[in-house]
Amino acid sequence: MCGRFTLTIDLLTFIELFQIEIPGLNLTPRYNIAPSQPVLTILKQGSQRTAQQMRWGLIPSWAKEPSIGYKMINARAETLEEKPSFRNSFRHRRCLIPADGFYEWRKEGKQKQPYRFTLADQKAFAFAGIWDRWISPDGSEIISCSIITTEANDTVKPLHHRMPVILAEPQLQQIWLDFDNPGEFKGLLKPYAGRMAAYPVSPAVNSPKVDEPGLILPV
DNA sequence: CCAGACGTTGTT
DNA sequence: GTCTGG
DNA sequence: CCAGACGTTGTT
DNA sequence: GTCTGG
């Protein structure tokens with residue numbers, strides 16, 4: 001599962017890691033990115049990469065109401081090829097969603113204790129994402145996205161049985177954007193096999209309105 | 001044929 | 001309990 | 001994901 | 001838009 005994440009890197013790191021320069025991009029560090037908010041994504045445009053702000057929570061093009069997006073923040077890797085809401089996006093509209101951490105919660109007594117997960121080296125990575133375009137009755141457009149989930153790996157398993165698909169290697173990220181043959185992606189949508197780190201953080205992160213550096217400090 | 005759903009997570 | 005908002 | 005709202009009537 | 005249920 002993935003319902004909250006972070007992206008705290010600076011612009012130079014972003015350019016080096018994702019091989020894309022976006023004129024005028026203001027990469028404000030984010031410590032609590034929540035569903036329904038705009039997220040920074042990377043997609044392929046011809047042979048180039050381009051960046052696009054999207055709403056997190058995929059609204060299928062045929063939806064009558066945009067509120068359906070609140071239920072579409074994650075898409076299960078196991079059923080991507082079948083689900084009417086995701087299938088065409090999976091085939092034709094994949095994206096990378098840069099991040100350097102994500103949160104999971106565990107009930108501890110009556111409290112919900114949040115934990116932050118990162119790669120062991122703390123470097124930024126990308127979630128595998130899909131997107132769609134929705135046109136409202138008045139003609140305005142919303143581009144929205146969903147984060148793919150898979151089984152949890154050994155680091156996440158103690159907290160939850162699902163985790164987002166993490167693409168850490170630039171080569172895998174490129175394949176995710178490029179493939180047009182299903183055989184090429186099968187290996188990508190697996191629990192992350194590299195080393196990760198996890199630590200408890202302040203419950204201040206529970207409120208999606210809070211977005212400040214203290215949220216990623218260990219408690 | 002038309003009507004109605006289309007999703008995930010977590011909890012029981 | 002369920003939906004919307006962030 | 002979690003937090004917070006969830007409604008109508010009538011009055012200003 | 002496309003699939004499932006009736």
Side-chain angles (χ1 to χ4, degrees), chain A residues 1-8 28-40 53-94 97 99-118 127-137 141-153 156-166 189 191 198-212 214-216 219:
Chain A
M1 157 269 302
C2 184
R4 220 70 83 72
F5 66 97
T6 63
L7 180 63
T8 68
T28 309
R30 294 294 309 278
Y31 306 93
N32 197 6
I33 299 170
S36 82
Q37 293 178 352
V39 296
L40 177 64
Q53 290 264 118
M54 299 184 189
R55 179 190 298 202
W56 182 11
L58 187 146
I59 306 164
S61 57
W62 41 260
K64 292 196 181 66
E65 298 288 329
S67 60
I68 192 174
Y70 287 116
K71 296 188 278 191
M72 308 284 190
I73 66 171
N74 294 139
R76 289 175 66 92
E78 296 89 333
T79 53
L80 268 181
E81 292 174 278
E82 310 154 17
K83 299 294 183 182
S85 297
F86 299 137
R87 198 181 49 193
N88 285 331
S89 290
F90 171 62
R91 288 205 281 243
H92 305 297
R93 292 181 296 276
R94 297 178 301 276
I97 303 175
D100 59 5
F102 61 92
Y103 298 107
E104 303 279 11
W105 280 260
R106 179 163 72 180
K107 243 186 196 166
E108 295 181 355
K110 53 177 76 171
Q111 304 273 25
K112 279 180 181 170
Q113 175 61 53
Y115 291 76
R116 181 165 182 254
F117 289 82
T118 65
F127 296 126
I130 54 177
W131 61 277
D132 208 345
R133 175 182 277 118
W134 182 78
I135 310 287
S136 80
E141 174 186 81
I142 300 178
I143 295 178
S144 57
C145 63
S146 185
I147 294 174
I148 312 242
T149 63
T150 185
E151 310 166 57
N153 63 15
V156 177
K157 215 170 270 174
L159 266 88
H160 283 298
H161 62 113
R162 305 290 299 173
M163 71 181 290
V165 171
I166 291 173
L189 301 183
Y199 58 91
V201 295
S202 164
V205 77
N206 293 9
S207 171
K209 290 181 209 164
V210 180
D211 184 359
E212 50 101 14
L215 295 184
I216 64 170
V219 294

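The sequence lines fix the lettering, A, B, ..., with proteins before strands; numbering per chain opens at 1.
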message: Contact list please: residues 103-110 of chain A against DNA chain B, heavy atoms, distance less than 4.0 Å, in numerical order.
response: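 Within this stretch, nothing sits under 4.0 Å of the strand.
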
query: Going by number, which of residues 53-73 of chain A have a non-hydrogen atom under 4.0 Å from DNA chain B?
result: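 Here the set is A/W62, A/K71, A/M72.
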
Please give the distance between the [atom1] atoms of [N] and [M] as a whole number of Å.
{"N": "D/dA5", "M": "B/dC6", "atom1": "C1'", "result": "26 Å"}
{"N": "C/dC3", "M": "B/dT8", "atom1": "C1'", "result": "15 Å"}
{"N": "D/dC1", "M": "B/dG10", "atom1": "P", "result": "6 Å"}
{"N": "C/dG1", "M": "D/dT11", "atom1": "C1'", "result": "33 Å"}

Taking only N/O atoms, report every protein-nucleotides 4-6 of chain E pair under 3.5 Å with atom names and distance.
none

field: Distance-only donor-acceptor check, side chains A/N88 and A/R93, under 3.5 Å
entry: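 Side-chain D/A pair, A/N88 to A/R93: absent.
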
message: Regarding A/T149, tell me which of base, sugar-phosphate or nothing describes its non-hydrogen contacts under 4.0 Å with the strands shown.
response: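 Touches sugar-phosphate only.
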
- prompt: So what does A/F5 hit on the nucleic acid, given a heavy-atom distance under 4.0 Å: a base, only sugar-phosphate, or nothing?
  reply: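 Counting heavy atoms under 4.0 Å across all strands, no contact is made by A/F5.
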
field: Range on DNA chain B touched by chain A - first to last nucleotide, heavy-atom distance under 4.0 Å
entry: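 Boundary nucleotides touching chain A, in 5' to 3' order, are B/dC6 to B/dG10.
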
query: Taking all atoms of both residues into account, what is the closest heavy-atom pair of A/Q37 and A/P208, and its distance?
result: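 In terms of heavy atoms, the two residues are closest at NE2-O, 3.8 Å.
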
- request: Work out which heavy atom in A/L80 is nearest to a heavy atom in A/I130; give both atom names and the distance.
  value: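 Residues A/L80 and A/I130, closest heavy atoms: CD2-CD1, 4.0 Å.
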
message: Taking the ring of A/F5 and the ring of A/W56, is the distance between their centroids below 6.0 Å?
response: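 Judged by ring-centre distance (under 6.0 Å), A/W56 and A/F5 do meet the cut-off.
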
- request: Using a 3.5 Å limit on both pairing distances, list the dot-bracket string of DNA chain D from the 5' end; Watson-Crick and G-U wobble pairs count, crossing pairs take [ ], interstrand pairs take |.
  value: ||||||......

task: Tell me, yes or no, whether the heavy-atom count around A/E212 atom CD, taken from other residues, nucleotides or ligands under 6.0 Å, exceeds 12.
output: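 Atom CD in A/E212 is packed in, count exceeds 12.
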
field: Aromatic plane relationship, A/F117 with A/F102 - under 30° parallel, 30 to 60° tilted, over 60° perpendicular
entry: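 Parallel: the ring planes of A/F102 and A/F117 meet at under 30°.
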
Residues that A/Y70 engages under side chain to side chain donor-acceptor pair (under 3.5 Å), provided they are two or more places apart: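 A/Y70: no side chain to side chain donor-acceptor pair (under 3.5 Å) contacts found.
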
